[in-house]
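Notes follow once the structure below has been shown.
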Amino acid sequence: MHILHVEDDLDIQEIARMSLEMVGQFSITQCDSGEAALARAKDMTPDLLLLDVMMPGMTGPETLQRLREMDHLKDVPAIYMTARVQPGEIEGFKQTGALGVIEKPFDPVTLSQQITTMMGR
Amino acid sequence: MIKIGGNQRWEVLRALPGIASAGATAALLSSSSIAGISPAIWIGPAVLSGLAAHIAASRLFGRRRWGSCGPAGLDVVSTFHGLTDEVFIFDTQTLKLNYLNEAALKHKGWSKSDYTHRTMAEVCPDFSILGFRALTDPLLDGSKDVIQKEITLDRRQYDLSAQCITSTNGQEQFVFVLRDISKRAEADRIKQEFISTVSHELRSPLTAIKGAMGLVLSGAAGALPDRARDLIEIAQRNADRLVLIINDILDLEKIAAGAMEFDLDEMQLSEIVAEAIDAIAGFSNRFDVKIEVKGIREGLVSQIDPNRMLQVMSNLLSNAIKFSPTGGTVTISLTSRGLINRISVTDHGVGIPAAEQAAMFDRFAQAGNQNRAATGGTGLGLSVVKAIVESHEGTVTFESDEGVGTTFHVDLPAVTTTSAANINAGQAA
């Protein structure tokens with residue numbers, strides 16, 4: 001499984017990369033902004049979009065909306081990663097077309113498992 | 001006791017000493033039954049004896065009577081006119097404006113002479129007659145004396161207080177008093193934004209710290225010497241505590257700001273108790289403490305948010321476990337006390353010293369100077385418990401004897417048998 005991960009915090013990027021590659025055996029492409037993700041996604045079709053919510057510039061939901069405008073990405077599942085949210089907010093995130101939300105701080109040992117469970121695999 | 005229209009009634013009055021514009025000593029009075037219209041009236045001490053007549057008149061102020069409703073020497077109209085709250089008085093049927101005070105005129109940009117032909121529809125830019133009647137009908141049919149509501153008008157937020165008052169000639173009038181709360185609302189918004197920013201800014205580094213340590217402990221970076229593992233585990237445990245503290249602070253702030261969502265449902269409390277015991281099993285094993293279920297009464301129903309109530313139970317049970325001696329027992333019970341359902345959690349630990357009992361629900365209070373790092377507490381658990389229970393219209397109390405133990409009681413309003421029967425019927429179906 002190949003994941004496009006958008007996260008502005010480079011340390012969190014590194015943790016997520018190690019976790020997803022080493023524990024989950026996934027491959028991963030990382031971008032540090034929504035704008036960079038839009039450019040990078042033009043010539044790739046990942047199996048999952050993993051998006052931070054609060055980023056300078058485009059937010060996660062804005063990035064997802066723009067990514068989904070690309071034909072080859074319109075059906076790719078998406079998951080947000082963000083700080084603690086209320087149940088109502090999770091509903092709001094799902095309405096933007098995401099499968100769900102993974103809460104930060106996430107557990108790097110079980111992150112891959114959380115993702116596969118959310119994707120129903 | 002005053003007399004209005006031949007009927008005697010009690011009025012609650014508040015009086016503040018002050019100086020009238022003319023410089024004479026005066027008292028500022030307000031009557032609680034008409035507090036909704038903020039009738040702060042200046043009245044000199046010489047006329048205090050004429051108070052009853054004054055209050056009676058102020059309850060009955062028809063437009064024509066204003067000039068004569070105050071005791072001699074008291075200019076009620078200009079007093080009323082100068083209130084900082086905005087006052088709109090208008091006919092209940094035609095909604096034609098009969099009176100606007102200075103603040104209301106200033107808000108609308110109207111002069112004293114050009115508002116009497118206007119109606120309430122011109123006061124509110126997005127006026128809808130249906131919505132307006134839905135708001136005011138309870139005043140006309142007498143089911144409510146006063147309606148208080150937060151509204152937005154001309155992009156500012158107001159506390160609205162609406163009443164229907166009948167004048168001496170029998171004419172019914174609506175009296176709307178608007179208090180500008182934009183500044184308070186803005187302060188609340190800034191506070192919320194700050195909390196959410198702090199939450200995000202603290203969580204990002206914590207995500208990296210916890211993630212890095214988690215990976216090291218998982219062996220992702222190679223085998224760890226035992227001493228190094230012990231040290232990383234200490235760091236990891238404390239990072240976990242920091243996350244819990246941030247969560248608790250955010251929960252408390254959310255509840256205080258009325259921003260926490262409560263998904264209320266009528267639920268069997270025995271189900272919540274059972275779920276809470278299941279969820280805490282691992283923790284109680286770690287401390288070698290048994291959870292004993294004693295006197296769980298089935299069929300007790302309260303209106304609760306199950307997730308929040310589980311948070312309450314988890315906080316109380318984990319506290320009881322932490323303060324129990326190794327090998328000890330924590331007892332949980334569910335009983336009915338008339339209209340109240342009571343969940344009790346009892347430990348047989350050291351108890352709470354009498355001197356510390358009063359502060360137990362304060363933030364960062366902890367009994368007997370217990371080492372929080374050792375017990376893994378945040379110092380906020382009981383504050384969160386209290387805030388959540390009170391948001392359910394319930395109360396939380398405790399009894400404690402030093403050296404004997406402590407019992408915490410969560411009292412929740414019971415749902416009536418009829419509605420509980422409906423739930424049961426629904427579940428059976």
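Residue numbers start from 1 in every chain, and the chains themselves are labelled A, B, ... in the order their sequence lines are given, proteins ahead of strands. Heavy-atom basis, side chains included; hydrogens, waters and symmetry copies ignored.
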(request) Please report the shortest heavy-atom distance between B:S204 and A:I12, naming the atom on each side. (result) O-CD1, 3.4 Å

(message) Please find the pair of heavy atoms, one from A:D11 and one from B:A208, that lie closest to each other, and give the distance.
(response) CB-CB, 3.8 Å

(request) Please report the shortest heavy-atom distance between B:A220 and A:M22, naming the atom on each side. (result) O-CE, 2.8 Å

(message) So for atom CZ, which belongs to A:R68, do other residues, nucleotides or ligands contribute more than 12 heavy atoms lying within a distance under 6.0 Å?
(response) yes

(message) Looking at B:E186, I want to see if its CD is surrounded by more than 12 non-hydrogen atoms of other residues, nucleotides or ligands under 6.0 Å.
(response) yes

(message) Distance check, rounded to the nearest 0.5 Å: A:E7 atom CD versus B:T207 atom OG1?
(response) 8.0 Å

Which atom pairs, one a donor and one an acceptor, fall under 3.5 Å between side chains of residues 47-63 of chain A and the rest of the protein, sequence neighbours left out?
residue : atom : partner : partner atom : Å
A:D47   : OD2  : A:H2    : N            : 2.6
A:D52   : OD1  : A:K104  : NZ           : 2.9
A:T59   : OG1  : A:E62   : N            : 3.3
A:E62   : OE1  : A:T59   : N            : 3.0
A:T63   : OG1  : A:T59   : O            : 2.7

(request) Name the region of B:M260, side chain, backbone, both or neither, that has any atom closer than 4.5 Å to a heavy atom of chain A. (result) both

(message) Set out, in order, the CA-CA distance, both residues' side-chain angles and the distance that settles side-chain contact (heavy atoms from CB on, under 4.5 Å) for A:I15 and B:L215, then state yes or no.
(response) CA-CA 8 Å; A:I15 304 287; B:L215 283 172; 4.0 Å; yes

(message) At a 4.5 Å cut-off on heavy atoms, which part of A:D9 comes close to chain B: side chain, backbone, both, or neither?
(response) side chain

(message) Surrounding CG of B:D226 (heavy atoms of other residues, nucleotides or ligands, distance under 6.0 Å), is the total greater than 12?
(response) no

